[in-house]
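Below, read A as the first sequence line, B as the second, and so on, with proteins coming before strands; counting in each chain starts at 1.
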2 protein chains.
Amino acid sequence: MANPDEAGIREAATKQAPAKEVTMKEVAAHAGVALSSVSRVLNDHSDVSESMRKQVLDAIDAVGYEPNLLASSLRRGSTMTVGFIANDISNPLFAEIAMGAERRLNEAGYSMVLTNSEGSPERDEAMIRLLRWRRIDGLILSVADEERAGTLAELAKLSEPVVLVDREMRGATAVSAVLSDHANGMQAAIDHLLELGHRRVALISGRPGLRPVRERVHGFKAAFRARGLELPEDLLKFDSFSATFGEQATHELLAADYPPTAIVAGGNLLLIGVLRALQTAGRTVGSDISLVSCDDVPLTELHSPAITVIDRDALQMGEAAAELLLKLLAGGEGPLVAEIPTSLIRRASTQPHPMG
Amino acid sequence: MANPDEAGIREAATKQAPAKEVTMKEVAAHAGVALSSVSRVLNDHSDVSESMRKQVLDAIDAVGYEPNLLASSLRRGSTMTVGFIANDISNPLFAEIAMGAERRLNEAGYSMVLTNSEGSPERDEAMIRLLRWRRIDGLILSVADEERAGTLAELAKLSEPVVLVDREMRGATAVSAVLSDHANGMQAAIDHLLELGHRRVALISGRPGLRPVRERVHGFKAAFRARGLELPEDLLKFDSFSATFGEQATHELLAADYPPTAIVAGGNLLLIGVLRALQTAGRTVGSDISLVSCDDVPLTELHSPAITVIDRDALQMGEAAAELLLKLLAGGEGPLVAEIPTSLIRRASTQPHPMG
DNA sequence: CAGGGTATTGGCAACGTTTCCAGTAACACA
DNA sequence: TGTGTTACTGGAAACGTTGCCAATACCCTG
């Protein structure tokens, strides 16, 4: 590499298309004013004369100037950007939350960069770190693992405000969050099933470490307890929110000695697996077995029979998350918490237990 | 940044705490070496001694240093970031494309910032401009309007490589793109319906300005022409890809004097509307009316009867888009084009025409 | 020991902004 | 005429990096 001949060649090859950027300097030169005046015009400071403003503005589109937000952010110490780390962007629920958040943030002049952890705690950490290095002004996320030390550590290093979506991190000092009321939603759903005469009610959901799962289990138990009934412990299946787990768990449940007469699927991906399994096993939803799902998606409405769901307003969740973050960004004291209600939408998939 | 709306907010937010950053300077001081040596270690240049490397690395986590990617990008002239502008992130199809692209880009060391135009050409333009000002290294997008002058202008100002997803911009100098083969897919689907005896086949799709719509119409016409049949011009409905339009168009079609015996929905949102309308009208999919949709989503598989679709691999589309962009980023000469095949998945929603 | 590498390091000027601090001109007032 | 005030403008120092260039120390050869 130190060969002088090579160096020469490299130098020649380095002679890339310069692609010289048009900077404020050019604008200033063209307008015959100082750099600082151009800056003042661009940031509409109070102390600029009309003639100066016109002069600079003309020069700007004469030379085709475009601001460099990197330089601006570096100098200013703020990027006007917030990060959003989604667990799974292909899940319409998260997509809608992200959309709600982005709308609200854009209104306030912030822009949002959306990234996808694909449910991996490692990627979670990597994304937090990357966004931190990018100097985002705030972060909205739904961590993949609430207990993970690495994630906690990465978040702790972030001095900017953070809002969790449907997560609580008990290992950390209290952090702002928007939380949906899974417990009450689930309690209502289970109560509905019990009312219909079901006793063998199964719950299929993700890892019990996650808040939505925890809360739903609370609601589940509360409903049984309220009626003085014993909990069907053997019908609780926790592993992941994926369709494949939904399918596998359903098969296991159906094959048991005392199979359930009703199933609750803890998410729209799980539901897909459950439906596949029921179809394979030749069971008819509604008449053979009752079914409840979480989160209203087109499939639940259009399935025949239509599927009873515990619903919540995903858009609203996103907006609420953005709202909290904006409050914090404006200097508000944290932690702030917003509760999003859930509601039970009864449809044809839940029918009275034939022997109930 | 010149947006006057932002001024007030920024001013309010400026009253931040100082929060002095830990920079390379601190690291250098702590290690007793020069700033440039720290930089060399961080970018692992060849000419650093082992002792220096250790010394600096130790100092780095002694002082808790975190790189500032803004400064780095500014200096280096490259952000290692590519933008992705999606039409509608809550559409699982786009979400999957984005996911495919992000995976491939991450592998190559790039990170992706995902934004959402919500199908609005104005937002399209605004997003292109913003990303340009952020100095992204490349852009993947699916413009909302292929003809719009403003969008063309914004793209023209971008000197970095661009890859379109399922779009062609005829007003611009040729631009790279990943295109799916809608024409053949549609032709196969229509041929399937014609084979089943259907003649009154309706097509509901988005605005005809968009490539997927254009191509599908080609395929549609080709299938009729190939059999020497006359085109049912009155059954072609173009307006938007939304569920509401799907519903409205279906109602119109059903109310016509010569209603269709088969409907093709040009997207998964349209399908939702079509299904709603059919349900309202009391028509049974399959026996009363045949149905084909575009893009395989859980709903099509799990609906009863299951719905015949023209499928394509969305993940692959995203990966292909990233692949093309990476080639261009590596200095490859454009424009590059990748074709993604479509395939017809026959299911129970397409049945022989009773009178066929 | 001179001479010429080689390997490593330090210093310094950028990158494109913003912002503080002076400086200037114009004007009013006494 | 001098003084103070107002309204603007220019200059220059940051922000945190990177990369070129020169400097140093060391080693090897003759």
- Query: Tell me: CG of A:Asp47 to P of C:dT24, nearest whole Å?
  - Reply: 18 Å

- Take atom NZ of B:Lys25 as the centre, draw a 6.0 Å sphere, and report whether it contains more than 12 heavy atoms from other residues, nucleotides or ligands. no

- Message: In this structure, how many angstroms lie between the C1' atom of D:dC20 and the NE2 atom of B:His45, rounded?
- Response: 11 Å

- To the nearest angstrom, how far is B:Leu35 atom CG from C:dT8 atom P? 20 Å

- Message: Pairing donors with acceptors under 3.5 angstrom, does anything connect the side chains of A:Glu122 and A:Ser120?
- Response: yes

- Message: Between B:Asp124 and B:Ala144 (side chain of the first, backbone of the second, donor and acceptor by atom type, cut-off under 3.5 Å), is there such a pair?
- Response: yes

- Query: Atom CG of A:Leu74 to atom P of C:dG16: distance rounded to whole Å?
  - Reply: 12 Å

- Message: I'd like to know if the side chain of B:Asp137 reaches the main chain of B:Met80, judged simply by a donor and an acceptor atom lying under 3.5 Å from each other, with no hydrogens or angles considered.
- Response: yes

- Message: Does D:dA14 have OP1 or OP2 under 4.0 Å away from a side-chain N or O of A:Arg75?
- Response: no

- Task: Find the distance A:Ile60:CD1 to C:dT17:P and express it as a whole number of Å.
- Result: 10 Å

- Query: Of all heavy-atom pairs between B:Glu319 and B:Gly100, which one has the smallest distance, and what is that distance?
  - Reply: CG-O, 3.5 Å

- Message: Counting the atoms with a prime plus P, OP1 and OP2 as sugar-phosphate, which does A:Glu50 contact under 4.0 Å by heavy atoms, base, sugar-phosphate, or nothing?
- Response: nothing

- Out of D:dT17, D:dT9, C:dG16, minimum distance to the side chain of A:Met52 belongs to D:dT9

- Message: Regarding A:Ser39, tell me which of base, sugar-phosphate or nothing describes its non-hydrogen contacts under 4.0 Å with the strands shown.
- Response: base

- Side chain of A:Ser37, base of D:dG10: donor and acceptor closer than 3.5 Å? no

- Query: Rounding to a whole Å, what distance do you find between B:Arg76:CZ and D:dC20:P?
  - Reply: 12 Å

- Message: So, under a plain 3.5 Å distance rule, would you say the side chain of B:Arg40 forms a donor-acceptor pair with the base of C:dG10?
- Response: yes

- Query: Roughly how many Å is it from CZ in A:Arg135 to C1' in D:dG16, rounded to a whole number?
  - Reply: 9 Å

- Message: Between B:Asn68 and D:dC15, is there a contact of a side-chain N or O with OP1 or OP2 at under 4.0 Å?
- Response: no

- Checking all strands, does A:Glu26 fall into the base, sugar-phosphate, or nothing category for heavy-atom contacts under 4.0 angstrom? nothing

- Task: From the options C:dT17, D:dG10, D:dT18, select the nucleotide whose nearest atom is closest to the side chain of A:Ala34.
- Result: D:dG10

- Message: Could you tell me how far apart A:Lys25 (NZ) and D:dG10 (C1') are, to the nearest whole angstrom?
- Response: 16 Å

- Message: Under 4.0 Å from OP1 or OP2 of D:dG10: is there any side-chain N or O of A:Ser36 that close?
- Response: no

- Message: Can you tell me if A:Ser49 touches the phosphate of D:dT9, counting only side-chain N or O atoms and a distance under 4.0 Å to OP1 or OP2?
- Response: yes

- Query: Start at the 5' end of DNA chain C and walk down; is the nucleotide closest to A:Val38 or to B:Ala71 reached first?
  - Reply: B:Ala71

